[in-house]
Amino acid sequence: MLPNSKMEDNLPVNVREYQELAKKALPKMHYDYINGGAEDEYTLRENIAAYGRILLRPRVLIDVSKIDMSTTLLGYNMPSPIIVAPTGAHKLANPEGEVATARAAAACNTIMVLSFGSSCKIEEVASSCDAIRFYQLYVYRRRDVSATLVRRAESLGFKAIVLTVDTPVLGRREADIRNKMVAPRMANLEGLMSFDDDIDSKGGSKLERFAHETLDPSLSWKDVEWLKSITSLPILLKGIVTAEDARKAVEVGAAGVIVSNHGARQLDYAPPTISALEEVVKAVAGAVPVLVDGGVRRGTDVFKALALGATAVMVGRPVFYGLAARGEAGARHVIEMLNRELELAMALCGCRSVAEVTRRHVLTEGDRIRALL
């Protein structure tokens with residue numbers, strides 16, 4: 001079992017309490033940017049609520065005195081199936097930014113996916129601690145910028161590229177428009193791009209203006225082939241929510257698929273990720289690992305995702321909340337809490353290893369409907 005870390009008095013005891021602390025600590029513009037979603041925020045709410053509609057089916061009278069949460073991803077050993085998802089602009093939460101997050105992840109032996117929108121340079125994060133890290137990428141209008149970022153990440157020992165494929169254009173994030181959100185400083189694009197600081201004359205946010213000037217609406221499957229041609233690193237595609245795209249991802253040689261709706265920040269009324277997970281897992285049929293992000297707030301959520309076929313689960317906002325509330329220590333504590341909650345869920349469900357977490361350990365809405373037919 002995971003060793004208990006030394007606990008201080010009055011520490012938050014769950015992710016929601018860290019969220020409340022983060023809300024108090026951050027300016028409204030920055031909290032809304034981190035926490036908000038697209039348009040009506042239906043998918044934002046459903047990402048969390050859909051987990052709550054999945055019930056657990058515990059098995060009893062099993063010796064659970066030893067719980068092994070370890071697993072592997074792309075050949076790398078992990079002490080648990082929890083990964084730090086790519087979220088940008090960590091200096092909005094803490095002056096040390098992604099360096100603090102990287103150290104927190106490394107302290108937990110957790111893989112971190114560094115966002116293209118990091119407020120710390122790739123080089124700073126790479127030199128901050130010894131750990132396995134992946135790099136998240138967009139394919140920009142200027143392909144040379146994307147290629148430069150890939151080369152930098154590869155030369156600094158990053159082990160995989162996570163290509164975000166659900167953002168040919170920026171979703172309509174109304175809180176950012178209302179707040180006239182300024183595009184956060186992206187340290188890794190300095191010297192590669194320059195931007196007009198003026199707010200779009202038609203209203204909206206500076207973030208929208210930045211996205212319009214950088215994102216490429218012509219992004220297609222051909223760009224996955226192009227990316228494969230410039231790097232030897234494995235490429236995972238992030239932003240898949242349908243069986244059709246999952247099968248296509250395998251066909252083009254993706255090393256993994258990440259079921260994601262961009263934290264509900266892109267297309268509102270897209271399916272909550274946990275509801276899309278099983279469809280994607282079945283379509284992939286074991287050819288590549290399937291990961292999932294979005295809405296994870298409890299170790300039981302991680303357990304449910306594993307039961308529905310996920311190899312690993314990516315956690316974004318909760319780590320950001322921890323960072324905003326208590327810096328590196330808070331980010332680390334969030335990861336530790338989720339690990340302990342997962343360990344407890346496994347024990348109470350009679351699962352001594354990740355491999356023992358199966359589809360029969362959960363009851364979904366679909367299962368309940370089918371039982372009535």
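Model, not experiment: these values are computed from the prediction.
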Could you pull out the closest heavy-atom pair between Leu323 and Glu328, with the gap in Å? CD1-N, 4.0 Å
From His30 atom NE2 to Lys91 atom NZ, the distance as rounded to the nearest 0.5 Å: 13.5 Å
Nearest 0.5 Å, what's the CG-CD1 distance between Leu237 and Ile161? 12.0 Å
Test item: Met346 and Arg352 side chains (from C-beta on) under 4.5 Å apart, heavy atoms: no
Look at the side-chain heavy atoms of Ile, Leu, Val, Met, Phe, Trp and Tyr, link any pair under 4.5 Å apart, and say whether Ile67 and Val354 land in one connected group. yes
Within the 3.5 Å criterion, strictly below it, is a donor on Glu279 or Thr242 matched to an acceptor on the partner's side chain? no
Closest approach of Val281 to Ala310 (non-hydrogen atoms, all atoms of both residues): CG2-N, 4.5 Å
Does Pro289 reach the side chain of Leu74, with side-chain heavy atoms less than 4.5 Å apart? yes
Shared ILVMFWY cluster between Val284 and Val165, side chains joined below 4.5 angstrom? yes
Taking Thr364 for the side chain and Asp367 for the main chain, is one N or O donor matched with an acceptor at less than 3.5 Å? yes
Just verifying a value: how many Å separate Arg173 CZ and Asp268 CG, rounded to the nearest 0.5 Å? 12.0 Å
Salt bridge (charged side-chain N to carboxylate O under 4.0 Å, His left out) involving Arg297 - partner list, sequence neighbours excluded: none
Look at the side chain of Ser80 and the backbone N and O of Asn339, then say whether any donor-acceptor pair between them is shorter than 3.5 Å. no
Donor on one side chain, acceptor on other, Tyr31 and Gln19, under 3.5 Å: yes
Non-hydrogen atoms of Thr311 and Leu306 that approach each other most closely: O-CD2, 4.0 Å
Short side-chain to backbone donor-acceptor contact, Arg45 and Asp40, under 3.5 Å: yes
Quick check for you: to the nearest 0.5 Å, what is the distance between Arg133 atom CZ and Glu98 atom CD? 12.0 Å
Using a cut-off of 6.0 Å, state whether more than 12 heavy atoms not belonging to Arg143 lie near its atom CZ. yes
Please name all residues satisfying ring-ring contact (aromatic ring centres under 6.0 Å, His included) with Phe320, sequence neighbours left out, ordered by chain then number. His90
Between Glu41 and Gly37 (side chain of the first, backbone of the second, donor and acceptor by atom type, cut-off under 3.5 Å), is there such a pair? yes
Nearest heavy-atom pair of Ile335 and Ala105: which atoms, and what distance? CD1-CA, 4.0 Å
Does atom CG of Asp130 have more than 12 heavy-atom neighbours, drawn from other residues, nucleotides or ligands, at distances under 6.0 Å? no
Between Ser260 and Asp293, is there a side-chain donor-acceptor contact under 3.5 Å, judged purely by atom types and distance? yes
Please check if the number of heavy atoms outside Leu61 that lie under 6.0 Å from its CG is greater than 12. no
Evaluation steps, side-chain contact (heavy atoms from CB on, under 4.5 Å), between Ile240 and Val259: CA-CA 5 Å; Ile240 304 291; Val259 179; 5.5 Å; no
Side-chain heavy-atom pair Val296, Val302 within 4.5 angstrom cut-off: yes
With no hydrogens and no angle check, is any side-chain donor or acceptor of Thr231 less than 3.5 Å from a backbone partner on Lys228? no
Pairs in or reaching into residues 314-323: which pass salt bridge (Lys or Arg N to Asp or Glu O under 4.0 Å), with residues at least two apart or in two chains? none
Check: Pro86 and Met314 side chains under 4.5 Å, non-hydrogen atoms: yes
Parallel, tilted or perpendicular: which one describes the rings of Phe158 and Tyr135, with boundaries at 30° and 60°? perpendicular
Side chains of Leu44 and Asn35: does their closest heavy-atom pair fall under 4.5 Å? no
Provide the closest heavy-atom pair for Val15 versus Pro318 in the form atom of the first, atom of the second, distance. CG1-CB, 3.7 Å
Going by distance alone, is a donor N or O of one side chain under 3.5 Å from an acceptor N or O of the other, for Asp216 and Tyr138? no
Taking Asn14's backbone N and O only, do any of them form a donor-acceptor pair with Arg298's side chain (distance below 3.5 Å, no angle check)? no
Is there a donor-acceptor contact under 3.5 Å from the side chain of Glu17 to the main chain of Pro12? no
Do Val362 and Leu56 have side chains that approach each other closer than 4.5 Å (heavy atoms only, starting at C-beta)? yes
Please test Arg59 against Arg360 for side-chain contact (heavy atoms from CB on, under 4.5 Å), starting from the C-alpha separation and ending with a verdict. CA-CA 10 Å; Arg59 301 298 303 276; Arg360 293 186 62 81; 5.6 Å; no
Nearest-0.5 Å distance, CG of residue Leu11 to CZ of residue Arg326: 4.5 Å
Determine, using the 4.5 Å side-chain heavy-atom cutoff (strictly less than), whether Met112 and Met186 are members of one ILVMFWY cluster. yes
Side chains of Arg368 and Leu55 in contact at under 4.5 Å (non-hydrogen atoms): yes
Partner set under side-chain contact (heavy atoms from CB on, under 4.5 Å) for Asp68, not counting sequence neighbours: Ser70
Heavy-atom pair with the smallest gap, counting every atom of Cys120 and Asn188: O-ND2, 3.3 Å
Would you please name every residue forming a salt bridge (charged side-chain N to carboxylate O under 4.0 Å, His left out) with Glu365, sequence neighbours left out? Arg53
Between Thr43 and Tyr269 (side chain of the first, backbone of the second, donor and acceptor by atom type, cut-off under 3.5 Å), is there such a pair? yes
Connected via hydrophobic side-chain network under 4.5 Å: Val319 and Leu114: yes
For residues Val313 and Leu277: do they belong to one hydrophobic cluster (side chain heavy atoms under 4.5 Å, members Ile, Leu, Val, Met, Phe, Trp, Tyr)? yes
Can you name the residues that form a ring-ring contact (aromatic ring centres under 6.0 Å, His included) with Tyr76, not counting sequence neighbours? none
Do any N or O atoms from the side chain of Arg247 and from the backbone of Ala283 form a donor-acceptor pair under 3.5 angstrom? no
Measure from the side-chain N and O atoms of Ser146 to the backbone N and O of Tyr140, and report whether any donor-acceptor pair falls under 3.5 Å. yes
Report the distance from atom CG of Leu137 to atom CG of Leu236, rounding to the nearest 0.5 Å. 12.5 Å
After noting the C-alpha distance and the side-chain angles of Val169 and Leu215, does the key distance pass the side-chain contact (heavy atoms from CB on, under 4.5 Å) rule? CA-CA 6 Å; Val169 295; Leu215 298 177; 5.6 Å; no
Is the closest side-chain heavy-atom distance between Leu156 and Glu123 below 4.5 Å? yes
Gln266 vs Leu170, test: side-chain contact (heavy atoms from CB on, under 4.5 Å). Steps then yes/no. CA-CA 6 Å; Gln266 280 295 102; Leu170 191 71; 3.9 Å; yes
